[in-house]
Amino acid sequence: MIFDNKFIQQRIEKAKLLKAEGINPYANDSKRNTTIEKYLNVNSDVVNKENKRDEHRHYTISGRIKLLRIMGKASFLQLEDESGTVQVYVARDHLPEDFYNNIFKKYIEVGDIIEVSGYPFVTGQGELSLHASEFKLLTKAIAPLPEKFHGITDKETRYRKRYLDLIMNAEVRKTFKIRSKVISLTRRFFEDKGFLEVETPMMHPIAGGANAKPFVTHHNALGIDRFLRIAPELYLKRLIVGGFEAVFEINRNFRNEGMDATHNPEFTSIEFYWAYKTYKDLIKITKEYFEYLFEHLNLPTLLPYGELEVNFDNFTEIPLIESLSSIGGVPSEIVNDKDKIIAFLNSKNITVKPGMNLGQLQGELFDEFVEEKLIDPTFITEYPVEISPLARRSDVNPDITERFELFIAGREIANAFSELNDPVDQLGRFEGQMSAKDSGDDEAHEMDEDFVEALSYGMAPTAGQGIGIDRLVMLLTNEHSIRDVLLFPAMRPLSNDENNAQGEEA
RNA sequence: GUCUUGUUAGCUCAGCUGGUAGAGCACGUCACUUUUAAUGAUGUGGCCGAUGGUUCGAAUCCAUCACAGGACACCA
């Protein structure tokens, strides 16, 4: 059973005995009047005082006991709240009669959440501490904390029991604070630019806006299946049709696909759509967005990412075809010739699927020779039309689209384009996807006639962009697994071995 | 999906080519009123991820399974 561990039993027993002593091990009347960080700041002057103490000051702080050093008639403990850690000095003769021997030493241990009041003083070792005159247990922890020095390092445990990870690893809290700030700053940035934040459905009758397998759920009252959304794109564009000229949504998408260091079945993105603008305007606003983030996060623009160093002051822009030779080193005379590309790829021992068209082959060259070399932020522009089904064709060259993807540290961070707004063209592209689906491509885009009908009323020329928030946070925090920037990453359930074994043998 | 590494006490980890399971922390008891992973003494603690096989004998060798980490493939 869940509490059959002997250490937990021991601590449950302590909680019981505390109750018998008239002490509520789950008290609810906290009198905290400052945080540990503020306590340390406000009293930093005590070190200059004559006795290195100020008995006229009185503070009440609360937190979890992280370390406990009992030395006979006095003890030191390390108390931690969200804001920081402070040392507390607890001595028998400064606490109420018998409390130290009968309660503190017997029942208080590492992991418990307590409240102490007292005055600031500096120890002989020079550490600003709190001299306790009142001591109160707020919450008895019946489960023991992991080892005090090594903490908890096992990744599986850290992800499954994120609360333990957060208790033991303060730097993990920092990552999630940055994540929270990134989302908040993103929201503020777009609001300040006049964008309207909207919420569109998470449950879709047709899973559209991307090519991906959806999760399916069921609506009982209507007796129909719904799909968790794979992208909000088609709903946001309907709003542009409706007359909103700048909208954004920060929310979750769900894709029923594999999980790895950069993929979680639910992930967060921002998508924004901007009427009367083109992808050129998106490049500008994206640069501004990064400047804004770095300024408000107080980050240096030269950021380490693993072995790499990324210069966020160095945004460049280059058409995809040009990048193949200038960055990828592919001979420029072959990049527009299907057969020569195939021969080139084969000579590099890269197998090419039969039937690939020129645009797909150029995409293949890009993936193989360019993508990983894009360390500083790079806008790759002018994607071939064959690999850009939702993007608007260039008016100058019908083979390419008004599209870019932003790459940083060898990874795609954003995808953006001037939107296709010709309803007849859109219908035709959906029909093309339908025939791909019929011939076995189960990730081809679904037909969405309702969306085509919306376009038929006229959508202003619009530019739209999506940014993967999780991957952006990974970059900014130098984390290399998406699981380290998700509080509760998806995990397989632990199987109940006993039940399974019994069930199968019976 | 493929390959690869791992799973031993609450936590961090040892355990060689098979011979009755080890340490540190934590916990219990004792000592200790300025410690910093406090210290000293002493004690408790394990179905060695699961199932099957080889063997006189398996934490150790083999197979299958489960979960996890990493790499690759697929995928925005």
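The sequence lines fix the lettering, A, B, ..., with proteins before strands; numbering per chain opens at 1.
Looking at the side chain of A:Phe76, the nearest of the listed nucleotides B:rG69, B:rC11, B:rU34 is B:rU34. Checking B:rC74, B:rU36, B:rG10 against every side-chain atom of A:Asn5, the shortest atom distance belongs to B:rG10. Considering only side-chain atoms of A:Glu156, the nucleotide from B:rC11, B:rG10, B:rA68 that sits closest is B:rA68. The listed nucleotides are B:rU34, B:rG69, B:rG28; the one nearest the side chain of A:Arg483 is B:rG69. Each of B:rC74, B:rC67, B:rU34 was ranked by its minimum atom distance to the side chain of A:His263; first place goes to B:rC74.
Base-pair partner of B:rC13: B:rG22 (Watson-Crick or G-U wobble, both distances under 3.5 Å). For B:rA38, there is no paired base (Watson-Crick or G-U wobble, both distances below 3.5 Å). Pair assignment for B:rA66: B:rU7, on the basis of Watson-Crick or G-U wobble contacts that are both within less than 3.5 Å. Applying the Watson-Crick and G-U wobble criteria (two distances, each under 3.5 Å), B:rG46 pairs with nothing in any strand. Base pairing analysis places B:rC75 opposite nothing; no Watson-Crick or G-U wobble pair with both distances below 3.5 Å involves it. As the counterpart of B:rU55, no nucleotide is assigned, since no Watson-Crick or G-U wobble pattern has both distances under 3.5 Å. The base-pairing partner of B:rU60, taking Watson-Crick or G-U wobble contacts with both distances under 3.5 Å, does not exist among the strands shown.
Interatomic distance, OG1 of A:Thr378 versus CZ of A:Phe404, reported as 12.0 Å (0.5 Å rounding).
Where A:Lys155 and A:Gly126 each meet RNA chain B at their nearest nucleotide, the meeting point lying more 5' is that of A:Gly126. Toward the 5′ end of RNA chain B lies the nearest nucleotide of A:Gln10, the other residue of the pair A:Gln10 and A:Asn211 mapping further downstream.
For the OP1/OP2 pair of B:rU35 and a distance below 4.0 Å, the side-chain nitrogens and oxygens of A:Gln125 include at least one atom meeting the criterion. Between A:Lys148 and B:rA37, a side-chain N or O to OP1/OP2 separation shorter than 4.0 Å is absent. Look at A:Lys106 and you won't find any side-chain N or O under 4.0 angstrom from OP1 or OP2 of B:rU29. At the phosphate of B:rA68, neither OP1 nor OP2 sits under 4.0 Å from any side-chain N or O atom of A:Lys161. Distances shorter than 4.0 Å separate some side-chain N or O of A:Thr153 from OP1 or OP2 on B:rU12. Here A:Lys6 reaches the OP1 or OP2 of B:rG10: one of its side-chain N or O atoms lies under 4.0 Å away. Close to B:rC67, at under 4.0 Å from its OP1 or OP2, lies a side-chain N or O of A:Arg492. For B:rU35, the OP1/OP2 oxygens have no side-chain nitrogen or oxygen of A:Arg69 closer than 4.0 Å.
Residue contacts for A:Gly466: at a heavy-atom cut-off of 4.0 Å it reaches no nucleic acid atom on any strand shown. A:Met168 comes within contact range of no nucleotide atom at all, as no heavy-atom separation falls under 4.0 Å. When heavy atoms are screened at a 4.0 angstrom cut-off, A:Phe121 is found touching base atoms of the nucleic acid. Counting any heavy atom pair closer than 4.0 Å across all strands shown, A:Lys52 reaches no nucleic acid atom. Across all strands shown, A:Gly124 has heavy atoms under 4.0 Å from base atoms, whether or not it also approaches the sugar-phosphate. Contact annotation for A:Tyr89: base contact, defined as any heavy-atom pair under 4.0 Å involving a base atom. Residue A:Glu405 is in base contact, counting any heavy-atom pair closer than 4.0 Å across all strands shown. Among the atoms of the strands shown, base atoms are found under 4.0 Å from some heavy atom of A:Asp260.
Judged by distance alone, the side chains of A:Thr123 and A:Gln87 never bring a donor and an acceptor atom under 3.5 Å apart.
As rounded to the nearest Å, B:rC47 and B:rU8 have C1' atoms that lie 12 Å from one another. Nucleotides B:rC67 and B:rG49 place their C1' atoms 8 Å apart, quoted to the nearest Å. Taking the C1' atoms as reference points, B:rA14 lies 23 Å from B:rG57, given to the whole Å. Straight-line distance between the C1' atoms of B:rA73 and B:rU4: roughly 15 Å, to the nearest whole Å. Here the separation of B:rG52 from B:rU12, taken at their C1' atoms, is 32 Å to the nearest Å. Distance noted for atom P between B:rG69 and B:rC13: 16 Å (whole Å). Look at the C1' atom in both B:rG18 and B:rC61: the space between them is 8 Å, to the nearest Å.
Residue-nucleotide stacking is present for A:Phe149 and B:rA37, judged by a side-chain ring centre under 5.5 Å from the six-membered base ring centre and planes under 30° apart.
Ring centroid separation for the pair A:Tyr119 and A:His131 comes in under the 6.0 Å cut-off. Note: A:Phe315 and A:Phe379 meet the aromatic proximity criterion, with ring centroids under 6.0 Å apart.
Evaluated for a side chain to side chain donor-acceptor pair (under 3.5 Å) with A:Glu419, the options A:Lys237, A:Arg392, A:Gln426 yield exactly one hit, A:Lys237.
Straight-line distance from the CD1 atom of A:Ile70 to the P atom of B:rU34: 15 Å, rounded to whole Å. Counting to the nearest Å, the P atom of B:rU35 and the NZ atom of A:Lys73 are 16 Å from each other. Following rounding to the nearest Å, A:Arg160 (CZ) and B:rU7 (C1') show an atom-to-atom distance of 13 Å. Straight-line distance from the CG atom of A:Asp154 to the P atom of B:rG70: 12 Å, rounded to whole Å. Here B:rC27 presents its P atom at 17 Å from CD of A:Gln9, a figure rounded to the nearest Å. Look at CZ on A:Arg158: it is 21 Å from P on B:rC67, rounded to the nearest Å. Note: CG (A:Asp112) to C1' (B:rC27) measures 13 Å, nearest angstrom. The nearest whole Å value for the distance from the CZ atom in A:Arg11 to the P atom in B:rU44 is 22 Å.
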Give every donor-acceptor pair under 3.5 Å between a side-chain atom in residues 361-375 of chain A and any protein atom, sequence neighbours left out.
unit_1: A:Gln362; atom_1: NE2; unit_2: A:Val335; atom_2: O; d: 2.9
unit_1: A:Gln362; atom_1: NE2; unit_2: A:Asn336; atom_2: OD1; d: 3.2
unit_1: A:Lys373; atom_1: NZ; unit_2: A:Phe369; atom_2: O; d: 3.2

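One N or O donor and one acceptor, one from the side chain of A:Thr123 and one from the base of B:rU36, sit under 3.5 Å apart. Donor-acceptor pairing under 3.5 Å, judged by distance alone, is present between the side chain of A:Gln87 and the base of B:rU35.
Aromatic ring pairs are classed by plane angle as parallel below 30°, tilted from 30° to 60° and perpendicular above 60°; the pair A:Tyr39 and A:Tyr59 is perpendicular.
Crowding of A:Arg252 atom CZ: a count of heavy atoms from other residues, nucleotides or ligands under 6.0 Å not exceeding 12.
For A:Arg160 against A:Arg492, the heavy-atom pair with the smallest separation is NH1-O, 2.6 Å.
A cation-pi contact links A:Arg238 to A:Tyr235, judged by a cut-off of 6.0 Å to the six-membered ring centre and 45° from its axis.
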